[in-house]
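The first residue in the sequence is number 1, and the count goes up from there. Every heavy atom of this structure was used, including side-chain atoms; hydrogens, water molecules and symmetry mates were not. These numbers come from a predicted model, not from an experiment.
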Amino acid sequence: LRRTQGCDGFEPATFPSVKVRTVKIRCAPSAVFHAAMFRVGGTRQDACVPNTTTRLRSVDSYRATVAALVGDLPIEHLPVPDCLGLVLAEDVTAPIALPPFDNSAMDGYAVRSVDVVGASEENPVELPVPEDIPAGRTDVVPLLPGTAHRIMTGAPLPPGADSIVQVELTDSGVERVRVFAPVQIGTHLRRTGEDVRGGSTVLTAGTVLGPAQLGFLAALGIPKLPVR
């Protein structure tokens, strides 16, 4: 093809001993191009590249070609807040379990399930409450049989307790509490590693890091990430 003087189009180039036909292709409202094609031995050819059979390339082929030209970017280790929109360069494993300890999934009372068997509105079970366990407390006192510890959501489960009675099923007592319903072992508990097991792979290389991924990694206590 060669540009036609005085216009925005192209006209077919001349090739000896070939049959040329012109096709108008509208590429945009203000631009019309003339594509020249010819035949050699019954095979369609590009006029601009003689003796080359015309064929379409796949999207994957173009992507591979571009990726090969770009190459891998160097790996950087950046603080987690600075990694938004970047790509993880290596797999990430959990340094800790989530939750890191058994804890309460409800505000209520930590109890032994056997101590509240048969509790009802008509016949509540009354228990002394010697301890109060707010979220963040670490010096947790073991639960004695026949007692209850008032506990907040996220607070560590005291040794000896096997379930939580949610506060709505009690009279919300402080020194003593009346329980109006029985509970099964494990009720309203979140066990260690229930969300993430320590040492497990949590994100793989190639993951695009968005707010959800960064928040998750921050919860694991990871300070920096290998990214591209």
Residues V174, V129; criterion side chain to side chain contact (heavy atoms under 4.5 Å, CB included); working and verdict | CA-CA 7 Å; V174 177; V129 183; over 6 Å; no

Could you please spell out the steps behind the side chain to side chain contact (heavy atoms under 4.5 Å, CB included) verdict for I75 and R228?
-> CA-CA 5 Å; I75 297 176; R228 299 184 194 275; 3.6 Å; yes

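In this view, R57 and S61, T65 satisfy the side-chain hydrogen bond (donor to acceptor under 3.5 Å, both in side chains) rule, not counting sequence neighbours. Residues that satisfy the side chain to side chain contact (heavy atoms under 4.5 Å, CB included) test with P159, not counting sequence neighbours, are V140, P142. Not counting sequence neighbours, the partners of P100 by the side chain to side chain contact (heavy atoms under 4.5 Å, CB included) test are L98. Every residue two or more places apart in sequence or in another chain that forms a salt bridge (Lys or Arg N to Asp or Glu O under 4.0 Å) with R178 is listed here: D171. Among residues two or more places apart in sequence or in another chain, the side chain to side chain contact (heavy atoms under 4.5 Å, CB included) test is passed with A155 by I133, I151. Residues meeting the side-chain hydrogen bond (donor to acceptor under 3.5 Å, both in side chains) test with T153, sequence neighbours left out: D107.
The side chain to side chain donor-acceptor pair (under 3.5 Å) pairs that include a residue from residues 193-216 number zero, where partners must be two or more places apart or lie in different chains. The side chain to side chain donor-acceptor pair (under 3.5 Å) pairs that include a residue from residues 131-145 are E131-R137, D132-R150, R137-D139, where partners are two or more places apart or lie in different chains. Within the structure, no pair that satisfies the salt bridge (charged side-chain N to carboxylate O under 4.0 Å, His left out) test touches residues 203-212, not counting sequence neighbours. Identified under the side chain to side chain donor-acceptor pair (under 3.5 Å) test for residues 84-99, with sequence neighbours left out: none.
Closest approach of V117 and P182 over heavy atoms only: CA-CB, 4.5 Å. Pairing each heavy atom of R112 with each of G160, the nearest pair is CG-O, 3.2 Å. For G146 against D115, the heavy-atom pair with the smallest separation is N-OD2, 2.8 Å. Taking each heavy atom of P134 and M152 in turn, the nearest pair found is CA-SD, 3.9 Å. Minimum heavy-atom separation, A205 to A89: CB-O, 3.6 Å. Among all heavy-atom pairs drawn from L220 and P95, the shortest one is O-CG, 3.4 Å.
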Distance-only donor-acceptor hits, side chain of residues 77-84, under 3.5 Å, sequence neighbours excluded:
none

With a cut-off of 3.5 Å and sequence neighbours excluded, list every side-chain donor-acceptor pair involving residues 185-192.
unit_1	atom_1	unit_2	atom_2	d
T187	OG1	Q184	N	3.2
T187	OG1	Q184	O	2.7
H188	NE2	Q166	OE1	2.9
R190	NE	N103	OD1	2.9
R190	NH2	N103	OD1	2.8
R191	NH1	D102	OD2	3.1
T192	OG1	D102	N	3.1
T192	OG1	D102	OD1	3.0

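Under a hydrophobic clustering in which Ile, Leu, Val, Met, Phe, Trp and Tyr are joined whenever their side-chain heavy atoms come within less than 4.5 Å, directly or via other members, M106 and V179 fall into different clusters.
Between the CG atom of L169 and the CD1 atom of I164 there is a distance of 12.0 Å, given to the nearest 0.5 Å. In this structure, CG on L143 lies 8.5 Å from CG on L157, to the nearest 0.5 angstrom. Separating the CG atom in L203 from the CG atom in L88 is a distance of 6.0 Å, to the nearest 0.5 Å. Rounding to the nearest 0.5 angstrom, the gap separating the CZ atom in F180 from the CG atom in N123 is 11.0 Å. Rounding to the nearest 0.5 Å gives a distance of 14.5 Å between OH of Y109 and OG of S163.
Among T147, V111, T170, the one residue that satisfies the side-chain contact (heavy atoms from CB on, under 4.5 Å) test with L127 is V111.
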